[in-house]
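Report on the following structure.
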2 protein chains.
Amino acid sequence: MVTLADVARHAGVSSSTVSYALSGKRSISRETRLRIERAITDLGYHPNAGARALAGKRSHIIALVVPLHTEVYVPTMMEIAIAVTVAAREHGYDVLLLTNDEGPDGVQRVAASGLADGVILMDVRLDDDRIPVLHAQRTPAALIGLPDDPGGLSCVDHDFAAAGALCADHLADLGHRDIAFIGYGSAVYRRHAGYAERTVNGFRDRAQHRGLRFLHRPCEGSYESTAGTLARILADRPDTTGFVVQNEAAIGPLLSLLRASGRTVPEDASVIAVCPDQLAEQHSPRLTSVTGPKKELGQVAVEQVMARIAALAAGAEPEDELALMPPELVVRESTGPAPHR
Amino acid sequence: MVTLADVARHAGVSSSTVSYALSGKRSISRETRLRIERAITDLGYHPNAGARALAGKRSHIIALVVPLHTEVYVPTMMEIAIAVTVAAREHGYDVLLLTNDEGPDGVQRVAASGLADGVILMDVRLDDDRIPVLHAQRTPAALIGLPDDPGGLSCVDHDFAAAGALCADHLADLGHRDIAFIGYGSAVYRRHAGYAERTVNGFRDRAQHRGLRFLHRPCEGSYESTAGTLARILADRPDTTGFVVQNEAAIGPLLSLLRASGRTVPEDASVIAVCPDQLAEQHSPRLTSVTGPKKELGQVAVEQVMARIAALAAGAEPEDELALMPPELVVRESTGPAPHR
DNA sequence: TTGTAGGCGTTATCAA
DNA sequence: TTGATAACGCCTACAA
């Protein structure tokens, strides 16, 4: 193995000079820098990661904790993970992949051992048991998702309230007056999954503001439960012409059921989904949808940990950031003007 | 930070004793072991990863290189990645996530710096430019996928030939005599993507053996190209009653087109797909499919790198392993007995 | 069964 | 602008 000392010898300088030439932390005469660069390529030198971590007190690694099983659409997860990896590289960092099957211990392990300088948590639950260990270790961290109490942490998530509002606006703009919000199963609300509630709240506020009449109905997503949900909606509000769906599993059944009930989408009923574009494209008709950026979630999370790592190194108090990424509406084929009565 | 020396002091022993107690590389009296364990929990000691890597010449990290864009179904990729991570932990290893946007340099970097002790490559191409650097560095590696020349490497992949054969057998067993194999676009074959050719070859051999008449038609996967492909198949062989599809994109179009041509699946035509179960379940009717294990791919790859890492440490010559995982047929609703003529 | 001591390759402080 | 040199925390022959 080629070491710094080898390079130094080859270039006829001391090893500290080589180190500084590499880190750029002090100025080197043009001439010796060139000699050093020659030596490095000649010998094929690569700095040893372990030694660097030991001496420099930085591993240049961040850990990314991905859920084993999740409600999140897997391709979306993957896209975020890749965005994190690419963004980290731009800071000279590599990414360690952790699964959640170690639970909080995994986070504890990599943080306490100095394996990782910081941690990014995906699929954060409102009351997440990994958060206490982050606090205890004072680990630089960023959460993708919003916990109950984000105090002392940096977080980034979709602005689900804005997503709900966008749905209400779009349908209102098209002239719909009676709207149903088909949400997740009631279990999701009972355990207070943040994104579910934030979406409904955003929708509700905007719907009220726009003078819409609306219903919010939880739905398990199976064909049967969707059928029941739809039947009850139409019984309560026969004039409903707009549907907002957040539960991806309910989308397919809903479209079939509307068709079966003689309603054509979007002529008789408009459907707008809160889901990734990729999913929205898979249905027929292709769904108008509201969704947030994926890559940006990962990028922002990386910026946040990097900021906290830097703060820790500088002995400064890190700032708690909270970034809510604005969603976007993509109009496709499933929404149209409200039918004349 | 709590160090080994702190623990040693607290336990009243030398630091080497603590080190050995942790590694188990020499016997420790029951009594001192207990004192050491006490000290470790009392102080909350966690061995420093950098120091361990430096002194032990092992980072206890393997790199997993995932493709940025791929023809592989993303949830499958994710499942393999997670299986790798979990399996690695069982060997005391963590997983570094690398994307392919650094190309061969990324592999070079982590291997040469000692950041990773070994590498697992996903989505290996036949002529993969990362393979030369693995050889040059003598990096312990395992490939998920089969390259042109697997010499000096360990590989694991689905047994696509067996998958093709399974398809032929299933349709033959059901009495079908004329079968069409709808493959990937011709570009895929032109660049000799291994899995595509291996599947067709396996299918062809078995079909011949079973005395079937068959056609192999490449297909881009769009609705239009699938329509063209199907039309040509039915023109050439009007009696075709069995379809094998490997190109996932063509599945949806094919089902629609068969329906549109008045053929009911599976009464008039049987369709069998070479694709993940999850995809097969999404169609209507749910597709009979052939697919290989995902988790196992990851697990085997981990075993293979571990074996090579151990060999390298022991100064032994690593064995080149080649594991082809047998696929499984799941009969669902899209295949049935051949219709009477 | 336990202790001593040297070394792993970099970083960073202190001098020059 | 450059050089010595002492950490960094752990591992492991070598000694006892």
Side-chain angles (χ1 to χ4, degrees), chain A residues 1-37 39-40 43-61 92 109-115 117 313-315, chain B residues 1-37 39-40 43-61 92 109-115 117 313-315:
Chain A
M1 162 175 227
V2 184
T3 73
L4 225 173
D6 295 331
V7 175
R9 213 171 302 125
H10 193 91
V13 295
S14 80
S15 49
S16 62
T17 303
V18 178
S19 176
Y20 282 116
L22 283 169
S23 69
K25 289 190 182 173
R26 77 182 183 194
S27 48
I28 307 282
S29 77
R30 177 176 173 61
E31 194 194 359
T32 59
R33 160 176 300 115
L34 287 164
R35 280 222 308 293
I36 291 174
E37 279 164 6
I40 287 178
L43 302 178
Y45 166 74
H46 286 270
N48 179 277
R52 199 157 84 107
L54 177 57
K57 308 191 168 317
R58 299 253 204 125
S59 66
H60 295 271
I61 289 176
R109 187 172 58 79
V110 300
S113 67
L115 216 197
D117 298 335
Chain B
M1 162 177 227
V2 184
T3 73
L4 224 173
D6 296 330
V7 174
R9 210 171 304 125
H10 193 90
V13 296
S14 80
S15 47
S16 66
T17 303
V18 178
S19 177
Y20 283 117
L22 283 169
S23 69
K25 289 191 181 174
R26 80 182 181 192
S27 48
I28 306 282
S29 76
R30 175 176 174 60
E31 194 195 0
T32 59
R33 160 176 301 113
L34 287 165
R35 279 222 309 290
I36 290 174
E37 280 165 5
I40 287 178
L43 302 180
Y45 167 74
H46 286 268
N48 179 276
R52 198 158 82 109
L54 178 58
K57 308 192 167 315
R58 297 252 203 127
S59 65
H60 296 271
I61 289 176
R109 187 172 57 79
V110 300
S113 67
L115 217 197
D117 297 335

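Naming: A, B, ... by sequence-line order, numbering from 1 per chain.
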- [ ] Give one of base, sugar-phosphate or nothing for A/G12, where a contact means two heavy atoms less than 4.0 Å apart.
- [x]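 Here A/G12 touches the backbone only, sparing every base.
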
- [ ] Assign A/T3 to base, sugar-phosphate, or nothing according to its heavy-atom contacts below 4.0 angstrom with the strands shown.
- [x]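 If one applies the 4.0 Å heavy-atom cut-off, A/T3 turns out to touch the sugar-phosphate alone, with no base involved.
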
- [ ] Among C/dT11, D/dG3, C/dG9, find the nucleotide with the atom closest to the side chain of A/S19.
- [x]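 In terms of side-chain proximity for A/S19, the closest of C/dT11, D/dG3, C/dG9 is C/dT11.
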
- [ ] Name the closest nucleotide to the A/A51 side chain, picking from D/dG9, C/dG3, C/dT10.
- [x]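 Of D/dG9, C/dG3, C/dT10, C/dT10 is nearest to the side chain of A/A51.
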
OP1 or OP2 of [N] versus the side-chain N and O atoms of [X]: is any pair under 4.0 Å?
X     : N      : value
B/Y20 : D/dA13 : no
B/T32 : C/dT2  : yes
B/K25 : D/dT12 : yes
A/S27 : D/dT1  : yes
B/S29 : C/dT2  : yes
B/S14 : C/dT2  : no

Open item on the list: Any N or O donor-acceptor pair under 3.5 Å from the base of C/dG3 to the side chain of B/R26?
Closed with: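 Such a pair is found, so the answer is yes.
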
Task: Least distance between heavy atoms, A/Y45 atom then A/T3 atom - done: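 Scanning both residues completely, I find the closest heavy atoms to be CE1-C, 3.5 Å.
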
Task: Minimum heavy-atom distance between B/L115 and B/S59, given as atom pair plus value - done: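 Closest pair (atom of B/L115, atom of B/S59, distance): O-OG, 2.8 Å.
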
Starting from [atom2] on [N], measure out to [atom1] on [X] and report it in whole angstrom.
X     : N      : atom1 : atom2 : result
B/L22 : D/dG9  : CG    : C1'   : 13 Å
A/K57 : C/dT13 : NZ    : C1'   : 13 Å
A/E31 : D/dT2  : CD    : C1'   : 13 Å
A/I36 : D/dT1  : CD1   : C1'   : 11 Å
B/M1  : D/dC8  : CE    : C1'   : 10 Å
A/R58 : C/dT10 : CZ    : C1'   : 15 Å
B/R52 : C/dG7  : CZ    : C1'   : 18 Å
A/L4  : C/dC8  : CG    : P     : 14 Å

- [ ] Between A/T17 and B/A55, just flag the one whose closest nucleotide in DNA chain D comes earlier from the 5' side.
- [x]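 Counting from the 5' end, the first nearest nucleotide belongs to A/T17.
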
Task: Inter-residue atom distance A/I28.CD1 - A/I36.CD1, 0.5 Å rounding - done: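 Separation between the atoms: 5.5 Å.
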
Task: OG1-CG distance between A/T17 and A/L4, expressed to the nearest 0.5 angstrom - done: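 So the gap between those two atoms works out to 10.0 Å.
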
Open item on the list: Quick one, A/R52 with A/S23, criterion side chain to side chain contact (heavy atoms under 4.5 Å, CB included). Give me CA distance, side-chain angles, the key distance, then yes/no.
Closed with: CA-CA 11 Å; A/R52 199 157 84 107; A/S23 69; over 6 Å; no

